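Chain letters run A, B, ... following the sequence lines, proteins first, then strands; residues in each count from 1. This is a predicted model, so every value here is computed, not measured.
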Amino acid sequence: MTEIRLSNTKTRRKEVFTPIDPENVRMYVCGPTVYDRAHIGNARPVIVFDVLFRLLRHVYGADHVTYVRNFTDVDDKINAEAQRRKDAGDPRSLEELIRERTDETIRWYHDDMGALGNLTPSAEPRATEYIGQMIAMIADLIARGHAYEKEGHVLFRVRSYEGYGKLSGRSVDDMIAGARVEVAPFKEDPMDFVLWKPSTDDLPGWESPWGRGRPGWHIECSAMSHELLGDSFDIHGGGIDLQFPHHENEIAQSMCSHPEVEFARVWMHNEMLQVEGKKMSKSLGNFFTVRDLLDQGVSGEVIRFVYLSTHYSKPMDWTVEKAVAAEAKIHGFIELVAMYGDLEEAKALEPEKAVIDALSDDLNTHAALEVISKMTDAGTASRLARNLVFIGLFTYERLAERVNDYRMGLALLQSKAVELQKLRDEAILSKDFSRVDVFKEMLARANVSVQMTKTGVHLRPEMDFDPAKLEALK
RNA sequence: GGCGGGUUGGCGGAGAGGUUACGCAGCGGAUUGCAAAUCCGUGAAGACCGGUUCGAUUCCGGUACCCGCCUCCA
């Protein structure tokens with residue numbers, strides 16, 4: 001069996017991965033708060049853990065991996081957007097508007113992440129569907145002395161869990177010393193965090209032993225992962241920004257609820273994304289969503305290629321230059337598959353061992369792409385196709401589409417090649433190449449690559465080949 | 001202020017205490033009516049300052065810069 005090694009944030013070491021139960025390898029990744037379109041930073045953990053999901057499925061079998069990624073659909077920003085619509089005159093109830101907003105955002109999320117080649121996780125729980133489990137967990141934490149109720153709030157007693165701060169390498173005392181947090185009067189200790197808080201009548205809320213209210217953010221993940229993956233599971237993932245406080249709090253909640261076992265065995269965090277060397281922010285004007293890129297014509301496979309070029313544990317820079325380079329590379333892949341590949345044959349192949357080995361070494365996606373990029377001759381075309389699909393740059397359907405487009409373009413260029421050949425033959429005799437050059441120039445404008453060799457004229461569609469432009473040349 | 005991560009040739013980007021990473025771009029050549037494509041060849045690095053070592057880009061310490069978290073923003 002392939003040995004997978006993963007960097008564990010908890011131990012700060014690269015470790016051999018051994019699942020609790022190879023028949024059911026379990027992974028939880030923190031998903032989005034569904035208030036708006038996913039921006040390009042949101043896509044990074046999705047792609048990173050999608051590759052891990054694919055690798056685990058390959059090694060342990062597609063039916064032996066459970067991947068859970070939640071949707072947080074309780075949030076002030078969601079409420080605010082719904083309220084905005086209501087204020088704008090929408091006659092429906094706030095509850096209906098909230099539901100509409102979360103539903104549409106989830107739909108967008110699926111569309112956008114799907115366009116980037118991500119598989120759908122095994123389960124995508126919505127927080128609002130697990131309120132009962134959250135209440136039960138909170139009640140249990142109170143019973144065990146790890147939480148307390150005060151003024152309608154339930155707070156987690158951070159000092160009651162001695163392991164607090166281990167994941168992020170912080171001591172509670174240091175944090176308080178350097179903290180700039182406003183201490184709510186109902187907190188026993190400044191570090192205590194909210195498990196449950198009261199809700200006003202006009203905002204979403206659920207009945208609980210502590211009155212009508214709603215859950216804190218951190219308890220969602222503890223409750224949902226427990227419900228779907230059990231007391232203990234293999235891998236917990238997310239962005240490095242979630243390491244503290246979110247993941248630290250999750251560990252505290254879950255470990256105090258189920259102290260007899262380890263909550264998540266391996267913690268993995270992806271580094272952040274920048275844009276053209278700078279932090280992405282609305283104020284710098286370099287903020288954009290995945291949908292923005294797709295609408296600009298940057299294809300999902302190009303975006304994914306750029307993401308996979310940088311190891312997940314390093315900061316990644318999104319640049320136009322990278323996107324352009326990736327596009328050329330992707331075009332080369334399609335060309336090779338179109339010329340020499342056979343997708344039916346590809347489907348029967350196993351992914352390349354060197355690709356699996358690279359990914360097994362702490363998800364070295366860059367090395368995997370290097371292996372794939374070296375498949376450049378006719379004999380490797382079907383293998384190339386197989387591996388492109390494996391790593392998620394294409395589905396077979398999407399690849400077939402692109403390959404067919406290329407082949408159709410090629411067929412369309414046949415008559416042009418004959419024409420050019422004729423002009424060239426004449427020119428060789430007359431020594432006057434002006435008509436050949438004009439024709440060549442027109443082809444170039446339609447994004448056709450022109451090659452003239454001793455064996456004849458060869459025309460191939462380039463990246464932005466446009467058959468319509470070709471017709472216009474007549 | 002506290003904690004954590006990063007810094008490799010023009011660009012992207014790895015591994016490894018000592019042997020060419022690699023890709024793209026560049027340059028030289030072959031080829032071409034001119035090109036393109038292809039093939040052959042080739043220069044170029046390890047932020048800075050110390051330390052450990054026979055030897056460090058790789059280990060340790062410090063400095064600078066960038067980024068994240070500490071504020072329910074991935």
Quiz prompt | Closest-nucleotide 5' rank along RNA chain B - winner of A:Lys314 and A:Thr33 | solution = A:Lys314
Quiz item: Going by an N to O cut-off under 4.0 Å, is there a salt bridge joining A:Lys322 and A:Asp317?
Solution: no
Exercise. Check whether any side-chain N or O of A:Tyr35 sits under 4.0 Å from OP1 or OP2 of B:A74, and answer yes or no.
Key: yes
Practice problem: Please name all residues satisfying ring-ring contact (aromatic ring centres under 6.0 Å, His included) with A:Trp108, sequence neighbours left out, ordered by chain then number. | Solution: none
Exercise. Under 4.0 Å between any heavy atoms, over every strand shown, what does A:Gln451 touch: base, sugar-phosphate, or nothing? Just pick one.
Key: base
Quiz item: Rounded to whole angstroms, how far apart are CG on A:Leu242 and C1' on B:G5?
Solution: 15 Å
Quiz item: Does A:Asn364 make a side-chain donor-acceptor contact with the base of B:G15, cut-off 3.5 Å?
Solution: no
Exercise. Send over the distance from A:Asp317 CG to B:G12 C1', rounded to a whole Å.
Key: 10 Å
Quiz item: Which part of the nucleic acid, if any, lies within reach of A:Val436 when heavy atoms closer than 4.0 Å are counted: base, sugar-phosphate only, or nothing?
Solution: base
Quiz item: Which one, B:G68, B:A35, B:G13, comes nearest to the side chain of A:Thr310?
Solution: B:G13
Filtered N/O pairs between nucleotides 19-23 of chain B and protein, under 3.5 Å:
residue: B:C22; atom: O2'; partner: A:Glu370; partner atom: OE1; Å: 2.6
residue: B:G23; atom: O2'; partner: A:Lys329; partner atom: NZ; Å: 3.0

Exercise. Report the distance from atom CD of A:Glu248 to atom C1' of B:C3, rounded to the nearest whole Å.
Key: 11 Å
Exercise. Would you classify A:Leu273 as touching base, sugar-phosphate or nothing, given that sugar-phosphate means primed atoms plus P, OP1 and OP2, and contacts are heavy atoms under 4.0 Å?
Key: base
Quiz item: Between A:His153 and A:Trp196, is the gap from one ring center to the other below 6.0 Å?
Solution: no
Exercise. Could you give me the stems involving RNA chain B, meaning stretches of three or more consecutive Watson-Crick or G-U wobble pairs whose two defining distances are both below 3.5 Å?
Key: B:1-7 with B:64-70, B:10-12 with B:22-24, B:26-30 with B:38-42, B:47-51 with B:59-63
Quiz prompt | Phosphate-side-chain proximity, A:Lys77 and B:C73, N/O vs OP1/OP2 below 4.0 Å | solution = yes
Exercise. Please evaluate the base of B:A74 for a donor-acceptor partner in the side chain of A:His39 within a cut-off of under 3.5 Å?
Key: yes
Exercise. Determine whether the side chains of A:Glu220 and A:Thr72 contain a donor N or O and an acceptor N or O closer than 3.5 Å.
Key: yes
Quiz item: Which residue, A:Arg424 or A:Ala367, contacts RNA chain B at a nucleotide closer to its 5' end, judged by nearest heavy atom?
Solution: A:Ala367
